[in-house]
2 protein chains.
Amino acid sequence: MEFTVPDLAEVDLDRVLKSLADPQRRRVVLELLEDTSGAERACSSFDLPVSKSTRTHHWRVLREAGLIHQRGAGNGTYVRLRLDEFDARFPGLLRTIARL
Amino acid sequence: MEFTVPDLAEVDLDRVLKSLADPQRRRVVLELLEDTSGAERACSSFDLPVSKSTRTHHWRVLREAGLIHQRGAGNGTYVRLRLDEFDARFPGLLRTIARL
DNA sequence: CTAGGGGTACGATAGTTGTCGTACCTCAAG
DNA sequence: CTTGAGGTACGACAACTATCGTACCCCTAG
């Protein structure tokens, strides 16, 4: 199962800032950012204190903001930052926020 | 008439990002930022395509996010970026967003 | 003094968002 | 084959938000 991600050119800053204006989502993004390996990570490996459906919701918001890519591997789902693409579209934004 | 502004230490990133995740408000902030003079500007000098009450609302959101200071001068209202304070609390954020 | 521009406060409203529960799917392990 | 972990889709709901209109306030220009 595959998740469609938006073309970064079609993502607007509004959507991005809204997606990052949530503690849960920001935490996840920054956690991915700290993982300098850039490797995939299991969605289930994040400790989110919300229900399953809420988790799904947050992943979708991040996906639609162009921040992440998701891959469904039958059993679980794996997530990866679209770091290079995103940084090309919104240079420095992630690093700046990470530094705060 | 005076407007109370929050202590920057008590402003959280959530509130800031939410306040900037709106085109009208972001435009106003960036316009103030481009004005390198740092001088006050009349609130009425911004061309906001919304009603008076909506304008008031947006100014309040920015104020509560610690981004601006407002001074009521009887007749009109004047606004000023809290640039130094804000940048001390959230270093680089405004400039980064301005660059996008 | 009166008009009018600039502004706030309050109440209403439609749309968005974060959250959940339930139902259902898929695969791996027993 | 059955169970369970991980996950989606859908519908519900409360909270928040952007917007407006109305009523009202303050001052300056006539």
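Quick note on labels: first sequence line is chain A, next is B, and so on, each numbered from 1.
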A/Y78 atom OH is separated from C/dT26 atom C1', nearest whole Å, by 13 Å

Does A/D87 come within less than 4.0 Å of A/R95, counting only side-chain N to carboxylate O?
no

Ranking C/dG6, C/dT26, C/dT17 by distance to the side chain of A/K18, first place goes to C/dT17

What contact category does B/T77 fall into here, base, sugar-phosphate, or nothing, at under 4.0 angstrom with non-hydrogen atoms? sugar-phosphate

CD1 of B/I68 to SG of B/C43, rounded to nearest 0.5 Å, is 6.5 Å

Polar side chain donor-acceptor pair, B/S53 to B/T56, under 3.5 angstrom: no

Hey, what are the protein-to-nucleotides 20-22 of chain C N/O distances that come in under 3.5 Å?
residue, atom, partner, partner atom, Å
C/dC20, OP2, A/S51, N, 2.7
C/dC20, OP2, A/S51, OG, 3.3
C/dC20, OP2, A/T54, OG1, 3.0
C/dG21, N7, A/S53, OG, 3.1
C/dG21, O6, A/S53, OG, 2.8

Discussion item. Counting only side-chain nitrogens and oxygens, does A/Q24 get under 4.0 Å of the OP1 or OP2 atom of C/dT19?
Written reply: yes

Testing D/dA18, C/dG18, C/dG6 for proximity to the side chain of B/V61, the answer is D/dA18

Begin from the C-alpha positions of A/R26 and B/D14 and carry the test salt bridge (charged side-chain N to carboxylate O under 4.0 Å, His left out) through to its verdict. CA-CA 9 Å; A/R26 202 167 50 247; B/D14 261 48; 2.8 Å; yes

Between A/N75 and A/R25, whichever has its closest DNA chain C nucleotide further toward 5' is A/R25

Taken to the nearest whole Å, CZ/A/R15 to P/C/dT16 is 11 Å

Do A/E31 and A/F46 come within less than 4.5 Å of each other through their side chains, counting heavy atoms only? yes

In whole angstroms, the gap separating P of D/dC16 from CG of A/D22 amounts to 14 Å

note: B/L62, atom CG; C/dG7, atom P; distance rounded to Å ~ 14 Å

_Regarding A/H58 and A/R25, do their side chains bring together a donor and an acceptor under 3.5 Å, going by distance alone?_
yes

- Message: Once you apply a heavy-atom cut-off of 4.0 Å, does A/R60 come out as touching a base, just sugar-phosphate, or nothing?
- Response: sugar-phosphate

Rounded to whole Å, the CG-P distance (B/L17 to C/dT17) equals 15 Å

Here the distance between atom P of C/dG6 and atom NE2 of B/H58, to the nearest Å, is 18 Å

* **Sugar-phosphate, base or nothing in reach of A/T56, heavy atoms under 4.0 Å** => base

Using modelled atom types and a 3.5 Å cut-off, is there a donor and acceptor pairing between side-chain atoms of A/R89 and backbone atoms of A/L8?
yes

To the nearest angstrom, the CD-C1' distance between B/E40 and C/dG6 comes to 15 Å

Checklist entry - Does a nitrogen or oxygen in the side chain of B/R55 sit under 4.0 Å from OP1 or OP2 of D/dA18? => result no

B/D47 atom CG is separated from C/dG5 atom P, nearest whole Å, by 16 Å

